[in-house]
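Below is one structure; the comments refer to it alone.
All chains are named by letter (A, B, ...) in the order of the sequence lines, taking the proteins before the strands, and each is independently numbered beginning at 1.
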Amino acid sequence: MRIGDYNPQSSIKRGPVDDIDLNEQQLVRRQKLAELQASGNDPYVRRLPWERTHTAAAAIAAYTDGKLAADQQVALVGRLMTVRIMGKASFAHIEDGSARIQIYVKRDVVGEALYDELFKKMIDLGDFVMVRGTMFTTRTGEVSCEVRELALISKTLNPLPDKWHGLRDIETRYRQRYVDLLANPDVRQIFITRARIVTAIRRYLDDNGFLEVETPVLQPIYGGAAARPFVTHHNQLDQDLFLRISFELYLKRLLVGGYERVYEIGRDFRNEGISFKHNPEFTQLEWYEAYTDYNGVMRRVEELLAAVAQELGRGTTITYNGNAIDLAPPWRRITMRDAIREATGIDYQAHPDAASLAEAMRAIGHHPEPGSSRGKLIDSLFGTHVEPKLIQPTFITDYPVEISPLAKKKADDPTTVERFEYFIGGLEMGNAFTELNDPIDQRARFVELRDAVAGADENVHPLDEDFLNSLSFGMPPTGGFGTGIDRLTMLFADQQSIREVILFPHLRTA
RNA sequence: GGGCGCGUAGCUCAAUUGGCAGAGCAGCGGCCUUUUAAGCCGCGGGUUUAGGGUUCGAUUCCCUACGCGCUCACCA
């Protein structure tokens with residue numbers, strides 16, 4: 001059947017074709033595909049017809065820099081993104097991984113067969129093509145390629161989103177991220193930024209003597225954070241396993257083993273609510289450094305973010321959510337007690353029990369969950385009154401011991417631990433301790449936590465006896481740190497939702 | 001899980017008080033050899049997320065389901 005015989009209006013009363021409902025535009029493209037194949041042309045070539053000489057960006061640069069001889073041909077590949085057909089000549093843009101470049105196709109030059117039968121009749125927006133031709137500058141000054149030869153190298157069967165507006169529908173953008181990426185260059189840029197952030201982090205840590213390691217994702221006992229886990233099962237061992245919620249307890253074992261500086265970048269899984277800053281799986285960086293404490297970690301965090309900003313070609317000032325943020329060290333350091341006192345007038349040290357603190361909170365119009373522990377109350381006070389205001393980089397230091405079971409207590413205050421979290425743009429970015437390395441205290445803290453949780457009618461979680469055993473072999477004084485790569489990307493890419501910085505964010509099955 | 005909002009053509013969006021479901025892009029046919037959101041002429045394309053209800057009549061009002069967003073809760 002010739003394409004000219006095909007009348008899309010007559011045959012599109014939606015019927016299953018290969019079990020797929022096709023719309024008019026999809027049918028037209030399949031018809032073209034069939035005709036190409038019938039005439040002996042492979043719409044999905046195995047090899048390029050010519051050797052690719054340049055990326056689009058390289059061709060433009062080579063021409064602009066005068067590095068191409070007068071009649072020198074370039075061979076380019078790319079996806080056809082726009083077309084302007086003016087009778088016997090056409091302009092179009094093709095896009096490869098480097099850039100978009102205009103091509104100029106003239107019937108006089110490429111011949112009638114290529115121009116009328118292939119280019120005009122068979123090639124659609126979205127198709128991958130290869131062109132060979134010479135570079136020139138148009139009347140309006142755009143560096144372009146005048147095509148001498150042209151080939152279709154991969155056919156696209158679905159129409160592309162609007163060439164001007166791109167793809168906007170949020171649900172479709174996430175469910176079909178490939179369409180989002182091909183239609184929206186700014187989205188592609190976000191994930192380039194993300195990769196560069198990870199590169200900068202690795203470089204910084206590698207340059208500072210840290211060893212990158214990999215620890216188990218499947219863990220028989222989970223720990224290192226308070227989240228609920230995902231559970232899975234090993235068939236042969238007939239054993240339930242948990243997807244890790246943190247790397248902490250395994251990385252510390254490595255400090256016991258004698259590595260002084262280790263880090264891991266990988267996925268954590270937490271079976272909790274989904275929000276603009278929470279995805280069930282997210283990427284975490286944790287590092288542990290022997291012979292330092294949380295003050296040393298703070299200095300490194302300042303250095304690390306400066307290194308990331310530099311890798312991204314930024315100065316120390318970035319914009320997030322409309323706020324100018326100055327990353328230049330030193331960042332503000334303030335204790336949690338002072339930060340809460342500053343924001344609310346409440347000094348929680350003056351309220352040594354939960355009931356008294358809850359009373360003080362109610363006095364300022366805060367309605368805490370009944371039955372909350374003192375640590376939870378402090379956390380709630382902080383989250384409501386302090387956290388949203390922490391736009392400039394800030395270290396909040398010295399947390400209540402009840403909510404920090406893995407951190408070392410302050411020498412002069414057993415109710416408080418050497419811990420900090422850092423905040424930028426109102427987002428909690430990371431968490432660090434002077435690590436608890438006293439195995440007796442560690443066991444006591446675990447037991448306390450277990451009993452508290454058991455009281456809240458949750459499943460009782462066994463102690464990680466092997467971790468405690470490792471501490472009993474001696475862990476050096478250590479400073480440890482964890483930070484979310486996703487949230488760092490949100491910050492540097494100026495994105496307000498974690499889903500915008502995760503390629504395939506979790507959605508309910510449609 | 002609770003509350004609020006949204007779901008219209010392949011894409012981006014309209015549709016007045018409940019009264020013929022539209023536009024631009026994309027597609028198809030035609031004209032057009034420096035355009036760039038090309039232009040001009042013509043044509044086709046809809047189970048208005050799904051199911052039910054009210055009504056002479058439902059994209060519009062009501063109920064249910066599904067999905068998404070915001071928010072609250074949860075997340076030491």
### Whether A:F269 and A:F230 hold their rings parallel, tilted or perpendicular, with breakpoints at 30° and 60°
perpendicular
#### Entry: Plane angle bin for A:F395 and A:F420 - parallel if under 30°, tilted between 30 and 60°, otherwise perpendicular
perpendicular
I need the [atom1]-[atom2] distance between [X] and [N], as an integer number of Å.
X      : N     : atom1 : atom2 : result
A:N23  : B:C28 : CG    : C1'   : 13 Å
A:L167 : B:C11 : CG    : P     : 8 Å
A:N279 : B:C68 : CG    : P     : 13 Å
A:R173 : B:G10 : CZ    : P     : 20 Å
A:D169 : B:C6  : CG    : P     : 15 Å
A:K163 : B:U35 : NZ    : C1'   : 11 Å
A:H165 : B:A26 : NE2   : P     : 12 Å
A:K120 : B:C32 : NZ    : C1'   : 9 Å

## Note on the structure
From the list A:T434, A:T397, A:D398, side-chain hydrogen bond (donor to acceptor under 3.5 Å, both in side chains) partner of A:Y294 resolves to A:D398
Counting the atoms with a prime plus P, OP1 and OP2 as sugar-phosphate, which does [X] contact under 4.0 Å by heavy atoms, base, sugar-phosphate, or nothing?
X      : value
A:A92  : nothing
A:T172 : nothing
A:Y399 : nothing

Counting only side-chain heavy atoms from C-beta out, which of [options] sits nearest to [X]?
X      : options             : value
A:V28  : B:A76, B:G27, B:U34 : B:G27
A:E272 : B:G27, B:C75, B:A76 : B:C75
A:A226 : B:C28, B:C13, B:A76 : B:A76
A:R175 : B:A76, B:C11, B:G67 : B:G67
A:R84  : B:U34, B:A38, B:G44 : B:A38
A:R168 : B:A76, B:C13, B:U34 : B:C13
A:M86  : B:C75, B:C11, B:A38 : B:A38
A:L449 : B:C11, B:A76, B:U35 : B:A76
A:R508 : B:G10, B:C68, B:A76 : B:C68
A:D162 : B:G10, B:C13, B:G24 : B:G24

Counterpart base for [N], defined by Watson-Crick or G-U wobble contacts under 3.5 Å:
N     : result
B:A21 : none
B:A26 : none
B:U60 : none
B:U55 : none
B:U33 : none
B:G46 : none
B:G1  : B:C72
B:A38 : none

With rounding to whole Å, what would you report as the distance between [N] and [M] at their [atom1] atoms?
N     : M     : atom1 : value
B:C41 : B:U71 : P     : 47 Å
B:G22 : B:C28 : P     : 23 Å
B:U16 : B:G3  : P     : 29 Å
B:A15 : B:G7  : C1'   : 16 Å
B:C61 : B:C4  : P     : 16 Å
B:U48 : B:A21 : P     : 11 Å
B:U8  : B:G24 : C1'   : 15 Å
B:G44 : B:G27 : C1'   : 9 Å

### Task
Look at A:K376 and B:C75 and indicate whether a side-chain polar atom (N or O) is within less than 4.0 Å of OP1 or OP2.
yes
### Query
Does the side chain of A:R499 get closer than 4.0 angstrom to OP1 or OP2 of B:G69 through an N or O atom?
yes
### Task
Determine, for A:R175 against A:D169, whether the closest basic-nitrogen to carboxylate-oxygen distance falls under 4.0 angstrom.
no
Residues [X] and [Y]: side-chain donor-acceptor under 3.5 angstrom:
X      : Y      : answer
A:E286 : A:Y288 : yes
A:D353 : A:S356 : no
A:R419 : A:N431 : yes

### Query
When the nearest nucleotide of RNA chain B is assigned to A:E171 and to A:G375 on a heavy-atom basis, which residue is associated with the more 5' position?
A:E171
### 5'-most by nearest nucleotide on RNA chain B - A:L507 or A:E142
A:E142
### Query
When you look at A:D71 and A:Q73, which way does the side-chain hydrogen bond (donor to acceptor under 3.5 Å, both in side chains) test go after all the steps?
CA-CA 6 Å; A:D71 205 33; A:Q73 292 209 47; over 6 Å; no
### Task
May I ask you to check if A:R253 and A:Y250 form a cation-pi contact, with NZ or CZ under 6.0 angstrom from the six-membered ring centre and within 45° of the axis?
yes
